[in-house]
Amino acid sequence: MTASSDHEAAAARRMARRVADLTLEEKASLTSGADFWTTTAVDRVGIPSVMMTDGPHGLRKQAGASDHVGLAQSVPATCFPPAVGLGSAFDAGLAERVGEALGVESAIEEVAVILGPGINIKRSPLCGRNFEYLSEDPVVSGIVGAGLVRGIQSQGVGASLKHFAANNQETDRLRVSSDVDPRPLREIYLRGFQRVVEEAQPWTVMCSYNRINGVYASEDPWLLTQVLREEWGFDGLVVSDWGAVSDRVKALQAGLDLEMPSSGGRTDAELVAAVQDGALEEEVLDVAAGRMVDLVRKAQARPAVPGPLDVEAHHALAREVAARSIVLLKNDGPILPLAREAAVAVIGVFAEKPRYQGAGSSQINPTRLDTALEGIRALSTGGVRYAPGFMLDGSGDAAALLAEAVQVAAGAERVVLFLGVPAQEESEGFDREHIDLPPAQLDLLDAVLAANPNTIVMLSNGGVVALPFADRVPAILECWLLGQAGGSASAEVLFGLVNPSGKLTETIPLRLEDTPAFGNFPGENGHVRYGEGLLVGYRSYDARGLEVRYPFGHGLSYTSFEITDALASVRDGGDVAVTVSLSNTGAIVGREVVQVYTSLPDSTVQRPPRELKAFQSVELKPGETKQVALTLRRSDLAYWDVRVDRWIVEGGRYTIDVGASSRDLRTSTTVEIAGDDIGLPISLASTFDEVLAHPVAGPALRAALESGAGGRDEDLLKMLGNFPVGRMDGFPLPRAEMVAIIEGAQEG
Ligand code: BGC
C-alpha cells in the first residue's frame, strides 16, 4: 500500500466513525442540499444545516427567493472589487485583508461557506466570466487566491475554491469537454488550484460543470480523488457547482461529497438504492457523509462575531482595494495626476452610473455606491462640468448627446472620458462575441479628442477591450470593475491622492485575432480543443514574437522606479532566493510590483520564452531604496513530464529576469539548478539520445562508441539521436554489446 492510500484508508476509518450512528438514508441526505443554499440537517443526532452563499467578492445571501444567476435580491453586503480588479494589485496580503472582511460579513450573516474565490485561467478575453477570475497566469491566480482563502478562513468561515477545473468559457458550460493535453492541464490550468490547496487548505473545492477530456469534472476520480486528495493532500469537502451532477452515484464514487442544490430527494434515493443493490459500497457514502459532518463541525466552531457590520470600515477597505486595482496604462506628458484647480469636463455616463461588478451569481447588493462624478466633484476646486455623452440603453438623441459632450469638453482644461463595456455584453452564462468598445463610444472619443486633446480615458470593463485609439490619447486608466467604492477610488487616483500601482494580470492584445485561443474558442459540438497548449496569455505573444497593446505585468506610476542588481542563489531544500535593489527615483511615494521571470535556454522540453515565478508589491518613499527578497519555489520550476507522469525539474543554468512587466525586464542573473533524476526506464526501444542521457547506460554507451572503429563521431551521434538503439543489429555496435549496456543499466 502506498503512503497516500494508507492516508486515504485512515481517513476512511475516521469518517466511518463520524457517521456510525446514522442510517443509510440519513447519510445519503447529508450529502445533498436541503434547498438552494443550505445543507441537510440530521436533527436526531444533532447535525444542523449550514448555509453556503456566493461569493466571490462580496456576500450574496438571499433571504427570500433563490436563484444561482443573481436575479433575486440579496441582503446588502460590501461589494469589493471583483477578481479582475483585485488581481491587478498583485498582492496576496491585500487579498488576505479582503478575505478577512468577506469572512466577517459571512460570519455576521451566519454563512458557513462563501462560494469563492474563482481562480480559473483567463484563456480567452471572450470568456464572459473573466471578471470573476484573477489572471491568465497560474502563479498570480495561485498566490492571490491563496491570500483570499487564508483571509476568509481566518474568520472561521470556509472558502470554496472554484471552478475545478478547466472551466474557461461559458458557452455550453454544463456539457462542453475541455480537451486539454497533460502539460497545459498541469502547468497552466491546475497549477493555481494546486497552490491554493497546498498553501491554504480551503474547506471546500467546487467542481465545475464541464467535462475534461470527455469526463464530467463531477464524475472524474482522477481529478477529484487522485490529483486533488492523493497528490495535493486536500482534506476538505468537494461540493458540486450548482447543478453540476449528472449521475449522483458516479459522482460520489469519483470523490464528489456534496450535491448542491437539493434534488428534492430524487438523487438521495438513487444513492440508497445503489447501496442496497450492491452497486455502491456503503463505505464510499460514509466517507462523503463524514466529510459533511466535519464541515458542519468546523462551521460550528466559528467564534461569535459582534455584529452589526461596520459598513463604513468595509467601504473604506473596498475603496483602498479599488484604488490599488487601477492600472495606469499610459500617461504622456505626464498629463496625470490632475491639478485640483484644473477646470475638468467629465464625460461618459459611466461616471454617473458606474459599472462596478459583473452579472450572474456574483452580483452583490451593495451597502453603498460611489460614483466617479461625485468623487471628482468632491476633490476638484477648479470646477466640474458633466455630460453623459451616450446612453447605455441607446435611449436619448445620440447626436444631441454628442454635441453637448463636445461643447463641455471644448471649454475645459482637462477632459476625463469614461468608456466601457455595456453590462449586457459580459456576464456569467454566455461568452463575449468581440472585444470592441461600442461604436457610439468610439465616435464620442473621436469627437471629444478633436475638441480637446487633453483627454484622459477611464475604462470600465470586466474583460479586456481593444484600444485602437491608444496612440491618440495622452492617458488611459484601466479601471476594470471596481466594486462599490470604485467611483471615489478613481477620483483619488485621477487627482494623485493615491499613486496608481496596478499591473495587468492579462495581456491587452492589439486584435482578437492575435489571442492565443483564437480559432479554438469556444469549440463546437460539445468539445473545445485547447490547441494553443502551453502558450496561454503572454506565453503565447512572447513565443510568437507578437506585438501587443500592453503586455502582461504592465502598469505605470506617477513616480519612477529602478530595479537593479539581481542576485540568485539556491537555498537548502532547493528553492531559489532572488534579491534585487528597488529605488523610487521620482518625487512621490509609490508602489512597484517587482516581477521575477525564469527561462531555461536549451531546455529539452517546450517552454515559453519566459514565465512569471514570483512577485512582490513594494511601497517606497521618494528617494528610498529597498532590497527586495523573493523566493522561487523549486516546484514552480518544474514541468510536467508525460513520460513518467510527474513534475520534473530539469537541470541547467536558468535565466532569471526581474522587471516591471513581462516586457520591461530591468536586471538579469543566472542560477545553476540541479535536475531531478527522472529515472526513465530504458530498453532497446530507447533512442540513442535517451540512452546517452541515462546516468548508467549513457557513459557506458559513450565509452563503447569511442573505443569502436570510428572513435567518437559527433555527426554520427547527431544523426542517430532519434534512432532506437536496438533497431539495427551490429550498427554502430555489435548487438550483444548493446544488449549488455541496456541490461546493465536496467539491473542498476
Ligand atoms: C456558478 C457558481 C456559483 C453557483 C451558486 C453557479 O451557476 O457557476 O460560481 O457559486 O452558481 O450560485
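Remember, predicted model here, so these are calculated numbers, not experimental data. Ligands are counted one by one from 1 in listed order, and the atoms in each one are counted from 1 as well.
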Asks: Among Ile114, Asp241, Leu115, which one puts a heavy atom closest to atom 2 (C) of ligand 1?
Replies: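 Nearest option to atom 2 (C) of ligand 1, by heavy atoms: Asp241.
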Asks: In the protein, which heavy atom is nearest to atom 3 (C) of ligand 1, and how far is it?
Replies: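 Sorting protein heavy atoms by distance from atom 3 (C) of ligand 1 puts Asp54 OD1, 3.2 Å first.
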Asks: Under the side-chain contact (heavy atoms from CB on, under 4.5 Å) test against Leu285, which residue among Thr31, Val19, Leu30 passes?
Replies: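 Testing each of Thr31, Val19, Leu30 against Leu285, the sole residue satisfying side-chain contact (heavy atoms from CB on, under 4.5 Å) is Thr31.
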Asks: Below a 4.0 angstrom heavy-atom separation, can you tell me which part of Met260, side chain or backbone, both or neither, approaches ligand 1?
Replies: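 Met260 to ligand 1: no contact under 4.0 Å from either part.
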Asks: Mind checking whether Tyr133 and His163 have parallel, tilted or perpendicular rings, split at 30° and 60°?
Replies: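 Geometry flag for His163 against Tyr133: perpendicular rings.
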Asks: Among the heavy atoms of Glu132, does any lie under 4.0 Å from an atom of ligand 1?
Replies: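 Distance cut 4.0 Å: Glu132 fails for ligand 1.
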Asks: Numbering the atoms of ligand 1 from 1, which are under 4.0 Å from a heavy atom of Ser361?
Replies: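 Matching atoms, with element in brackets: 1 (C), 2 (C), 3 (C), 9 (O), 12 (O).
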Asks: Is the number of heavy atoms from other residues, nucleotides or ligands within 6.0 Å of CD (Glu110) greater than 12?
Replies: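 No, because the 6.0 Å sphere around CD of Glu110 holds 12 heavy atoms or fewer from other groups.
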Asks: Parallel, tilted or perpendicular: which describes the rings of Trp242 and Trp37, with under 30° parallel and over 60° perpendicular?
Replies: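 It falls in the tilted class, 30° to 60°.
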Asks: Provide the number and element of each atom of ligand 1 under 4.0 Å from a heavy atom of Met206.
Replies: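 What qualifies from ligand 1 is 10 (O).
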Asks: I want to check something: taking the side chain as every heavy atom from C-beta on, are Asn120 and Phe193 in contact at a cut-off of under 4.5 Å?
Replies: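 Yes, side chains in contact.
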Asks: May I ask you to check whether Arg129 has an N/O atom sitting below 3.5 Å from an N/O atom of ligand 1?
Replies: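 Such a contact does occur with ligand 1.
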Asks: Enumerate the atoms of ligand 1 whose separation from the nearest heavy atom of Arg173 is less than 4.0 angstrom.
Replies: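 Listed by number with element: 7 (O), 8 (O).
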Asks: Please determine whether the number of non-hydrogen atoms from other residues, nucleotides or ligands lying under 6.0 Å from atom CZ of Arg175 exceeds 12.
Replies: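 No, not enclosed.
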Asks: What atoms of ligand 1 come closer than 4.0 angstrom to any heavy atom of Glu428?
Replies: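 Heavy-atom distances to Glu428 below 4.0 Å select 1 (C), 6 (C), 7 (O), 8 (O).
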Asks: Under 6.0 Å from the ring centre and within 45 degrees of the ring axis: does the NZ or CZ of Arg123 meet both conditions for the six-membered ring of Phe521?
Replies: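 Because its charged atom misses either the 6.0 Å distance or the 45° angle limit, Arg123 does not stack over Phe521.
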Asks: Short list, please: which atoms of ligand 1 are under 4.0 Å from a heavy atom of Arg60?
Replies: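 Near Arg60, meaning under 4.0 Å from one of its heavy atoms, ligand 1 has 12 (O).
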Asks: Counting only nitrogen or oxygen atoms and a 3.5 angstrom limit, does Trp242 reach ligand 1?
Replies: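 It does not: no N or O of Trp242 is found under 3.5 Å from an N or O of ligand 1.
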Asks: With heavy atoms of Trp37 as the reference, note each atom of ligand 1 found under 4.0 Å away.
Replies: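 Here the atoms of ligand 1 in question are 5 (C), 12 (O).
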Asks: Do Trp640 and Tyr189 have ring centres separated by under 6.0 Å?
Replies: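 Ring-ring flag for Trp640/Tyr189: false, centres at least 6.0 Å apart.
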Asks: Under 4.0 Å between a side-chain nitrogen and a carboxylate oxygen: does that hold for Lys162 and Asp241?
Replies: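 Salt bridge between Lys162 and Asp241, a charged N being under 4.0 Å from a carboxylate O: no.
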Asks: Output the list of atoms in ligand 1 that are nearer than 4.0 Å to some heavy atom of Lys162, sorted by atom number.
Replies: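 Under 4.0 Å from Lys162, ligand 1 has these atoms: 2 (C), 3 (C), 9 (O), 10 (O).
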